[in-house]
Amino acid sequence: MQKGPRHFGGAGPLPLATPLCARRRQYSVLMSLGRRIITFASIGALALGLLFTLVGVAPASAASTYTVATAVQEGTTWLSLNDTPVYANEPKLLPGVHNLRLTLTNNTALAVSVTSVDIGIAGAPTTCATVLIQPHKSGSCTVPITVVPGLMSFYTSLFLSNNLRVSLPQHKLIGVTYDLETTISLTTPSGIVSPGDPALETLPLGYRPTATLRITNDSTVAITAVTVPGFNTQTCASILKSISPGLVVICVGIPVTTPASSSLISLTTGAVGNGVFQGDRPGLGVSLSYHGVGGCTTTAANVRAGTAQTVHCTGFEPGITVAGVMHSTPVGLGAHTVAGDGTLDFSFVVPVSTSGGSHSVAIRIGSATIATTPTFNVTAVPQLPETGVDPTAELLVALALLAIGACILLHRLHKPAVG
């Protein structure tokens, strides 16, 4: 019997199909290993996605999908802070505590909240929690900040509940102090005095002291206009049009009110600035009080209408021009100049039409009465009763009679004589 071929070494015959099966078995192992790797990778990705969902962690690039708006409160108004600040347009606040509002807009698909903030202003708190901000919604939180005089620059960072940090560009605001320090000196007949000096209570009647106003702008911004209540500063309006920071201006004015002998006049002085926001603080004010001395009399206590009356005054400022007005029904008595010794004397005729009773004469400067005489009695002039006849008609009748008489006379002169 013929025997088949043997494997070298006597191990028996080798099946012809062995190499093909081995290749199939190896391919099957590789396929199984690949499926396992894919399965494990899928499970890992799913687990990682679930983990992100549970803990709320988003990719770091998600920070760019959050936007933040900032505003600072002045009274009841919120002033926006710009990302590209310009000094002239930045919010200007009085020094003190103000509220800073941070508004976060969530443009992601996951809810988030603000847990804390980091504000580059000394003493600013870090707590600024918000409720959960849903996707594509906004939420705000507010922190108090202390504004100091001068330009303030700061950066702000918000820390979110998903462990992300959102940093904001640099912001600026200006702490403005309006401190218009106003000092006033007045030139009086007795020399230069300060408000409150007793010499101001013995000023001559009609005298308005010249005031030298020294205004210092101690603020951090220019003042666009300055007024001084109680003083006429028309002569220095151009000087007060704008006062730069730290500038000192000197202006000369006179009190608007004229001293009167019958009452004490109080003038509150002090510059009021018109600056870059409403609610400017007035400067340092002083009080100016004075009243006149002296007075006026008339030479006659009783006078008949149509006759003269004389006024005599003392204690006036020499050289000023005043006007006399008789009352009670105002009658102008003309302008008069005070003599060098402060006296004023003038006479006038009481109008014939003046009604009987008490009258007086007021001495005025402009619209202000600075002195008044005691009352004097006027006796009215009796008026002729009216006849009711028209004087024009009487004149026409008289002219007609004259004409008739002239005609008769001429007729007789030309009549031929009888022989």
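Everything numeric here is computed off the predicted structure, so don't read it as measured data.
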Counterpart residues, side chain to side chain donor-acceptor pair (under 3.5 Å), relative to [X] (two or more places apart):
{"X": "Thr103", "answer": "Ser140"}
{"X": "Asp118", "answer": "none"}
{"X": "Thr373", "answer": "none"}
{"X": "Ser157", "answer": "Arg165, Ser167"}

Stepwise side-chain contact (heavy atoms from CB on, under 4.5 Å) check, Val322 with Ile370: CA-CA 9 Å; Val322 299; Ile370 62 173; 4.3 Å; yes
Find out whether [X] and [Y] are in side-chain contact, i.e. whether some heavy atom of one side chain is under 4.5 Å from a heavy atom of the other.
{"X": "Leu93", "Y": "Leu79", "result": "yes"}
{"X": "Phe231", "Y": "Ile254", "result": "no"}
{"X": "Thr126", "Y": "Phe159", "result": "no"}
{"X": "Asn106", "Y": "Tyr66", "result": "yes"}
{"X": "Val166", "Y": "Leu160", "result": "yes"}
{"X": "Leu100", "Y": "Leu81", "result": "yes"}
{"X": "Met152", "Y": "Val147", "result": "yes"}
{"X": "Thr210", "Y": "Val252", "result": "yes"}

What verdict does the side-chain contact (heavy atoms from CB on, under 4.5 Å) test give for Gln134 and Leu132, after you've listed the backbone C-alpha separation in whole Å, the side-chain angles of each residue and the deciding distance to 0.1 Å? CA-CA 6 Å; Gln134 299 300 324; Leu132 203 62; 3.9 Å; yes
Please give me the minimum heavy-atom distance between [X] and [Y], naming the atom from each residue.
{"X": "Leu110", "Y": "Thr108", "answer": "O-OG1, 3.0 Å"}
{"X": "Thr76", "Y": "Gln73", "answer": "CA-NE2, 4.4 Å"}
{"X": "Pro318", "Y": "Val338", "answer": "CA-CG1, 4.0 Å"}
{"X": "Ala308", "Y": "Val303", "answer": "O-CG2, 3.6 Å"}
{"X": "Pro255", "Y": "Pro209", "answer": "CD-O, 2.9 Å"}

Residues that Thr337 engages under side chain to side chain contact (heavy atoms under 4.5 Å, CB included), provided they are two or more places apart: Thr321
If you measure only the distance, is there a donor-acceptor pair under 3.5 Å linking the side chains of Thr369 and Arg364? yes
Give the C-alpha distance, both sets of side-chain angles, the deciding distance and a yes or no for side-chain contact (heavy atoms from CB on, under 4.5 Å) between Leu173 and His171. CA-CA 7 Å; Leu173 56 83; His171 292 310; over 6 Å; no
Under the side-chain contact (heavy atoms from CB on, under 4.5 Å) criterion, do Leu158 and Thr156 qualify, and how do the steps go? CA-CA 7 Å; Leu158 281 72; Thr156 303; 4.1 Å; yes
Per-pair distances, 0.1 Å, donor-acceptor, side chain in residues 344-363, under 3.5 Å, sequence neighbours excluded:
from	atom 1	to	atom 2	distance (Å)
Asp345	OD1	His312	ND1	2.5
Asp345	OD2	His312	ND1	3.3
Ser347	OG	Thr310	OG1	2.7
Thr354	OG1	Pro351	O	2.8
His359	ND1	His327	O	3.1
His359	ND1	Ser328	N	3.4
His359	NE2	Ser355	O	2.9

